[in-house]
Student: 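Mind having a look at this structure? Questions to follow.
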Amino acid sequence: MNFTLKIWRQKDSASKGELTTYYTSDITSDMSFLEVLDKLNQELIKRGDDPVAFDHDCREGICGSCGMYINGRSHGPQRGGASCQLHMRSFKDGETIVVEPFRAKGFPIIKDLVVDRSAFDRIMQAGGFVSVDTGGTPDANAIPIPKKIADVAMNAASCIGCGACVAACKNSSAMLFVAAKVSQLALLPQGQTERKERVIAMLAQMDKEGFGSCTNTYSCEAECPKEISVTHIARMNREYLKAVLS
Amino acid sequence: MGTLLQFYTSSVGKKLAVGLTGLFLCSFLVVHLGINLFLFAGDGGESYNMYAEFMATNPLIKMLEVVLVVGFLLHIFTSVILWFKNRSARPERYAMYDAAASSELSSRVTLLTGSVVFMFLVIHLRTFWFGSRYGNEAGYTMYQLVMRAFGNPVYDLLYITSFVILGYHLRHGFQSAFQTFGINNSRYTRLIELIAAIFWLVVPILFAAIPLYFLRMHYMTGGIV
């Protein structure tokens with residue numbers, strides 16, 4: 001397969017970036033999108049050019065590193081997968097593919113496709129934790145949790161913090177990310193101690209980081225590689241209301 | 001008061017303000033439609049004029065009118081603030097942005113549809129509210145005012161278009177408000193969808209039926225009003 005790649009190249013956060021066109025050939029349909037970038041980078045290095053910078057780590061859709069905006073969508077055209085899980089069979093031979101970094105005020109560009117997602121870390125530091133006594137390992141079944149609740153909490157906990165929700169949202173809102181974290185901990189007994197403070201602190205930090213507000217377009221849910229439900233946003237709104245009013 | 005202000009300054013608080021005022025405005029739509037339905041009574045406007053007179057003179061209604069104006073202003077003001085905040089959250093736009101792949105158009109254009117509804121409201125108030133409160137030179141009753149206004153096909157088209165757009169605004173707005181209030185789970189989804197359909201479909205259709213009714217009357221009577 002052959003592709004025309006239009007990739008966002010930006011030297012550093014202070015420079016102005018632009019889309020640069022590259023041509024790739026000898027691509028097989030079972031190659032992942034990141035492998036295509038690897039191949040392109042090999043060619044660029046051989047030519048003495050600067051390779052395209054992009055984040056990646058596990059390459060199996062669980063680390064949340066490889067966030068990029070492919071053909072106008074977070075992680076490209078597939079549903080329920082990260083950029084590393086995107087295979088070239090999702091594209092037509094000869095297609096032009098536009099690759100951009102996740103764009104948001106809260107995610108400043110570091111270089112090319114690499115963005116600084118430490119805003120998410122600061123939101124987590126604001127309240128995304130639980131108080132646990134030190135000591136011996138607690139018994140796994142000491143705190144019974146109903147299966148139904150455990151399942152919903154697991155859906156929230158599957159968030160890998162990749163930022164696809166922010167990137168896809170027309171408002172660059174981080175509500176799905178924050179809601180997944182708030183929801184997961186609010187559902188489980190271990191998260192009860194800081195329940196009220198958590199939702200207020202995490203939302204305040206989210207606003208401070210410059211993310212937009214949610215207008216319920218639900219594009220976050222549609223583009224989330226872990227298919228996290230927007231019902232978690234509703235739960236967070238409830239948590240916030242309860243925390244503020246009580 | 002401090003809590004309320006802190007609440008309003010947060011993004012979730014502002015969303016709640018938009019949702020609450022939006023639902024309040026929806027309740028106003030129902031009351032307004034209820035009175036408008038008397039236009040179809042076929043009594044030459046007698047009952048409609050009576051209710052119009054009541055609405056124009058009752059002191060309680062006049063007080064509620066102030067609440068309504070505040071509701072409108074808060075809804076518009078907060079939505080506009082949020083719109084600017086949301087725009088500034090992405091300083092550099094995408095070269096390629098396929099929003100249609102992940103969201104409904106109605107959810108992305110509420111400020112636009114809302115602006116059209118607002119412009120319609122200004123025209124509407126000029127024609128009817130102003131006429132009912134401050135009288136009109138010719139001394140027409142409210143029913144006669146309605147009849148005369150809707151005898152004009154251009155005005156009717158404007159009206160019907162506006163209600164199609166209002167319906168589209170509510171297509172997203174109504175259920176979105178419940179999501180913002182935190183009411184979104186399988187137990188209530190169907191019920192909310194059903195009530196939402198009354199607001200985005202049935203209510204606008206009934207409102208749009210009024211100009212059509214009078215336009216038909218206009219041509220049946222040869223335009224003699």
Side-chain angles (χ1 to χ4, degrees), chain A residues 6 8 17-19 69-74 77 79 97-101 103-106 109 166-175 199-200 203-204 206-207 209-223 229-242 244-245, chain B residues 2-4 6-20 78-79 81-111 172-189 192:
Chain A
K6 286 189 170 178
W8 186 262
E18 59 174 8
L19 284 173
Y69 217 67
I70 304 164
N71 270 357
R73 299 184 62 182
S74 294
R79 278 192 113 99
I97 306 169
V98 179
V99 194
E100 292 176 83
R103 294 193 190 280
K105 194 171 155 189
I109 296 171
V166 172
C169 176
K170 78 174 180 69
N171 309 322
S172 306
S173 171
M175 286 284 273
V199 64
I200 292 175
L203 278 173
M206 178 190 87
D207 285 345
E209 297 289 350
F211 294 110
S213 65
C214 175
T215 49
N216 304 329
T217 66
Y218 306 147
S219 59
C220 51
E221 181 186 272
E223 300 290 40
S229 166
V230 291
T231 53
H232 293 297
I233 297 181
R235 182 174 294 100
M236 177 170 68
N237 291 338
R238 280 205 297 279
E239 289 292 317
Y240 184 69
L241 263 176
K242 271 193 267 181
V244 171
L245 297 176
Chain B
T3 314
L4 198 67
Q6 187 196 349
F7 188 59
Y8 187 75
T9 47
S10 78
S11 60
V12 178
K14 276 196 211 58
K15 278 157 44 66
L16 268 155
V18 175
L20 278 173
T78 314
S79 303
I81 292 182
L82 281 175
W83 188 82
F84 277 110
K85 182 179 179 274
N86 293 341
R87 292 252 335 156
S88 73
R90 180 164 293 141
E92 189 159 9
R93 320 303 295 173
Y94 284 111
M96 190 174 175
Y97 184 59
D98 189 0
S102 58
S103 60
E104 295 281 337
L105 180 66
S106 62
S107 72
R108 301 193 303 269
V109 293
T110 44
L111 194 90
H172 172 73
F174 195 85
Q175 61 80 25
S176 174
F178 284 91
Q179 161 80 0
T180 302
F181 302 152
I183 307 167
N184 180 357
N185 59 40
S186 48
R187 236 180 305 166
Y188 304 116
T189 308
I192 292 171

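Sequence lines set the chain letters: A, B, ... in the order given, protein chains first and strands last, and positions in each chain run from 1. These numbers come from a predicted model, not from an experiment.
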Student: Side chain of Asn184(B), backbone of Ala234(A): donor and acceptor closer than 3.5 Å?
Tutor: no

Student: For residues Ser10(B) and Asp207(A), is any side-chain donor paired with an opposing acceptor at under 3.5 Å?
Tutor: no

Student: So, using salt bridge (charged side-chain N to carboxylate O under 4.0 Å, His left out) as the criterion, who are the partners of Glu92(B) when residues are at least two apart?
Tutor: Arg103(A)

Student: Taking atom CZ of Arg187(B) as the centre, does the number of heavy atoms from other residues, nucleotides or ligands within less than 6.0 Å exceed 12?
Tutor: no

Student: So Asp98(B) and Tyr69(A), do their side chains get closer than 4.5 Å, heavy atoms only?
Tutor: no

Student: If I compare all heavy atoms of Ala101(B) with all of Arg79(A), which pair ends up nearest, and what's the gap?
Tutor: O-NH1, 4.3 Å

Student: Hey, what do you get for OG (Ser11(B)) to CG (Leu203(A)), rounding to the nearest 0.5 Å?
Tutor: 6.0 Å

Student: Return yes when atom OH of Tyr188(B) has more than 12 non-hydrogen atoms of other residues, nucleotides or ligands closer than 6.0 Å, and no otherwise.
Tutor: no

Student: Please identify, among Phe181(B), Tyr94(B), Tyr97(B), the residue contributing the most non-hydrogen atom pairs under 4.5 Å to chain A.
Tutor: Tyr94(B)

Student: Below 4.5 Å, heavy-atom pairs only: which of Asn216(A), Asn237(A), Val98(A) has the largest tally toward chain B?
Tutor: Asn216(A)

Student: What verdict does the side chain to side chain contact (heavy atoms under 4.5 Å, CB included) test give for Val244(A) and Gln6(B), after you've listed the backbone C-alpha separation in whole Å, the side-chain angles of each residue and the deciding distance to 0.1 Å?
Tutor: CA-CA 9 Å; Val244(A) 171; Gln6(B) 187 196 349; over 6 Å; no

Student: What do the steps show when you test Thr217(A) against Arg108(B) for side-chain hydrogen bond (donor to acceptor under 3.5 Å, both in side chains), and what is the final call?
Tutor: CA-CA 7 Å; Thr217(A) 66; Arg108(B) 301 193 303 269; over 6 Å; no

Student: I need the residue from Pro101(A), Gly212(A), Ser219(A) with the largest number of non-hydrogen atom pairs under 4.5 Å to chain B.
Tutor: Ser219(A)

Student: For Arg90(B) and Ala167(A), which heavy atoms make the closest approach, and how far apart are they?
Tutor: NH2-O, 3.0 Å

Student: Counting only heavy atoms from other residues, nucleotides and ligands, does the tally under 6.0 Å from NZ of Lys85(B) exceed 12?
Tutor: yes

Student: If you count heavy-atom pairs under 4.5 Å with chain A, which of Arg87(B), Gln175(B), Lys14(B) comes out on top?
Tutor: Gln175(B)

Student: My understanding is that only one of Arg73(A), Glu100(A), Lys6(A) makes a side-chain contact (heavy atoms from CB on, under 4.5 Å) with Met96(B); could you say which?
Tutor: Glu100(A)

Student: Give the member of Met206(A), Arg238(A), Lys170(A), Glu239(A) that has the highest number of heavy-atom pairs under 4.5 Å with chain B.
Tutor: Lys170(A)

Student: Go through the steps for Thr110(B) and Thr215(A) under the test side chain to side chain contact (heavy atoms under 4.5 Å, CB included), then give the verdict.
Tutor: CA-CA 9 Å; Thr110(B) 44; Thr215(A) 49; 5.7 Å; no

Student: Could you walk me through whether Ser213(A) and Val12(B) satisfy the side chain to side chain contact (heavy atoms under 4.5 Å, CB included) test, starting with their C-alpha distance in whole Å, then the side-chain angles of each, then the deciding distance to 0.1 Å, before giving a yes or no?
Tutor: CA-CA 7 Å; Ser213(A) 65; Val12(B) 178; over 6 Å; no

Student: Side chain, backbone, both or neither: which part of Phe178(B) has a non-hydrogen atom closer than 4.5 Å to chain A?
Tutor: neither

Student: Below 4.5 Å from any heavy atom of chain A, which atoms of Ser88(B) appear? Answer side chain, backbone, both or neither.
Tutor: both

Student: For each of Ile70(A), Leu19(A), Val230(A), tally heavy-atom pairs with chain B at distances under 4.5 Å, and name the one with the top tally.
Tutor: Val230(A)

Student: Under 4.5 Å heavy-atom distance to chain B, tell me which part of Cys214(A) shows up: side chain, backbone, both or neither.
Tutor: both

Student: Atom OG1 of Thr231(A) and atom CD of Gln179(B): how far apart are they, to the nearest 0.5 Å?
Tutor: 8.0 Å

Student: To the nearest 0.5 Å, tell me how far Thr180(B) OG1 sits from Met175(A) CE.
Tutor: 7.5 Å

Student: At a 4.5 Å cut-off on heavy atoms, which part of Phe211(A) comes close to chain B: side chain, backbone, both, or neither?
Tutor: backbone

